[in-house]
Amino acid sequence: MNSEPLKFAQKIVLEAGSILRDALCRKVNCDYKNGDHRDLCTEYDLKIENYLISNIQKQFPAHKFVSEERENNDCLEGLVWIIDPIDGTTNFVSWQKCFSISLALYKDSKPLFGLVYDVMQDDLYLGIAGQGAYLNGKKLKRLGKTELKECILDASLNSIQIFYNKHNIKVFNLAKDIRGHRSCGAASLAICKIALGELHIYISAKLRAWDFAAAGIILNEVGGYYNSIFDDCLDLTGKPTVFMACSSKDIYNEIIQSISGENLLCFCSPPIK
Ligand code: IPD
Ligand code: CA
Ligand code: CA
């Protein structure tokens, strides 16, 4: 792989992070998307997206983009950057920590590399397809075997409710099989924490490409597994998908068994509308 885009991406992601740290010293303007008080968009989601895209466009004019705040995303042919300018906007606004900038480069829908920058921790996660994953330049170890009873699961209350109301899946029943539950509020960071061995399962009823495109590469490089639960493969254009990431494919399969109970058929049939 040509290392130029990766070096450039690392530089602009760190610069964008310092813009966000400065922003937290000021009052940040925030809107609701489609009038939903749970779906925030700040002036900085737009500023950071614009900062990343305009810089990449200057350097690599032929490259394309799929990015959260864009009206019209490009198709997936060729070199495509998949961007979440702020993942965890609620945390950015309410906690001023636990949010990331997520940037990945794909070629013809195949991953090349992904960067997840935990802005307030100043932690930069990197995954290079086929070449390993790194945290601040230090190679991450491959994940060891974990039993379900040792696992910590991350899911939002919103997702747990959608799983039950829309798909008739009782994610909350996993409480008896696992060690515990946490909700960090930023999908990309939750998936990176699986890569570190701090979490083991991340489940979401509604995840989009920019939430997992970079972190998924990092997880894959340490032997973790992620996929869409109902669809054959993950959508990279930004359509919502029912998603699960785990520290291994064995845990993924065990969770599917556990939440579907005796009725495995519910995973083969379309979700209840
Ligand atoms: C959200 C966060 C959140 C997840 C949502 C995402 P955003 O991204 O990753 O943890 O539960 O599904 O949409 O809106 O902060 O970029
Ligand atoms: Ca996101
Ligand atoms: Ca976002």
Side-chain angles (χ1 to χ4, degrees), residues 13 16-17 19-20 23-24 28-53 65-71 73 81-104 114-120 125 152-164 166-167 171 181-195 198-199 201-219 226 228-229 234-245:
V13 127
I19 297 175
L20 287 181
L24 290 174
V28 172
N29 292 321
C30 183
D31 271 338
Y32 299 150
K33 283 191 203 168
N34 308 313
D36 183 349
H37 68 276
R38 299 166 304 174
D39 200 356
L40 306 181
C41 183
T42 71
E43 57 186 310
Y44 282 91
D45 293 79
L46 306 173
K47 266 188 195 160
I48 296 298
E49 180 173 88
N50 186 37
Y51 184 82
L52 296 174
I53 292 182
F65 301 91
V66 170
S67 185
E68 180 170 14
E69 312 301 340
R70 270 187 130 205
E71 298 260 305
N73 280 315
W81 295 82
I82 305 183
I83 300 174
D84 195 340
I86 304 179
D87 183 39
T89 300
T90 300
N91 290 350
F92 174 65
V93 171
S94 303
W95 284 359
Q96 290 86 48
K97 63 179 179 181
C98 294
F99 58 88
S100 81
I101 299 168
S102 175
L103 182 65
L115 286 165
V116 174
Y117 183 40
D118 182 332
V119 174
M120 300 314 278
Y125 298 85
I152 312 264
L153 174 143
D154 184 310
S156 71
L157 195 55
N158 194 33
S159 267
I160 293 169
Q161 191 186 34
I162 298 172
F163 268 109
Y164 185 55
K166 190 168 172 196
H167 306 293
V171 172
H181 162 255
R182 300 289 181 273
S183 184
C184 92
S188 58
L189 292 178
I191 299 166
C192 287
K193 282 183 187 304
I194 301 180
E198 294 176 5
L199 281 175
I201 304 154
Y202 173 74
I203 189 160
S204 169
K206 225 165 78 177
L207 215 65
R208 297 172 194 260
W210 39 79
D211 299 310
F212 61 78
I217 301 172
I218 294 157
L219 180 61
Y226 64 103
S228 158
I229 291 180
L234 279 163
D235 172 83
L236 290 177
T237 63
K239 294 194 192 94
T241 186
V242 183
F243 177 95
M244 182 156 63

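Side-chain atoms are counted along with the backbone in the values below, which use heavy atoms only and exclude waters and symmetry mates. First listed ligand is number 1; within each ligand, the first listed atom is number 1.
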Are any of the side-chain heavy atoms of F243 and D211 separated by less than 4.5 Å?
no
field: atom 5 (C) of ligand 1: any protein heavy atom closer than 4.0 Å
entry: no
Original post:
Would you say ligand 1 has an N or O under 3.5 Å from any N or O of D84?
Top reply: yes
### Query
Looking only at heavy atoms of I86, does any of them come nearer than 4.0 Å to an atom of ligand 1?
yes
- May I ask you to test the L236-F212 pair for a side-chain heavy-atom distance under 4.5 Å? yes
Task: L46 side chain near C41 side chain, heavy-atom distance below 4.5 Å - done: yes
With rounding to 10 degrees, E68 OE1, the Ca ion (ligand 3) and D84 OD1 define an angle of 90°
The closest protein heavy-atom partner of atom 14 (O) of ligand 1 is E68 OE2, 3.9 Å
Sub-4.5 Å side-chain heavy-atom contact between F99 and V93: no
More than 12 heavy atoms from other groups under 6.0 Å of NZ on K239: no
Discussion item. Can you tell me if, anywhere in I86, an N/O/S atom lies at a distance from the Ca ion (ligand 3) that is smaller than 3.0 Å?
Written reply: yes
| said: With a 4.5 Å cut-off on side-chain heavy atoms, are N73 and W210 touching? | reply: yes
For the Ca ion (ligand 2), the nearest N/O/S atom on D87 is atom OD1
Atom OH of residue position Y164 - does it have more than 12 heavy atoms of other residues, nucleotides or ligands inside 6.0 Å? no
Looking only at protein heavy atoms, what sits closest to atom 11 (O) of ligand 1 is Y202 OH, 3.9 Å
heavy-atom search around atom 3 (C) of ligand 1 in the protein gives G185 O, 3.7 Å
Heavy-atom nearest pair, I101 first then P85, reads CG1-O, 3.4 Å
salt_bridge(E198, R182) N-O dist < 4.0 Å: no
With heavy atoms and a 4.0 Å threshold, my read on which part of D87 contacts ligand 1 is both
For atom 12 (O) of ligand 1, the closest protein heavy atom turns out to be K206 O, 3.6 Å
Answer key: the N, O or S atom of D211 nearest to the Ca ion (ligand 2) is OD1
ask   = With only distance considered, is T89 within less than 3.5 Å of ligand 1 through an N or O on each side?
value = yes
Next item on the list: Report yes if T90 has an N/O atom closer than 3.5 Å to an N/O atom of ligand 1; otherwise report no.
Entry: no
Would A186 count as being in polar contact with ligand 1, using the rule that some N or O on each side must be under 3.5 angstrom apart? yes
Quiz item: How about V66 and T237: do any of their side-chain heavy atoms sit closer than 4.5 Å?
Solution: no
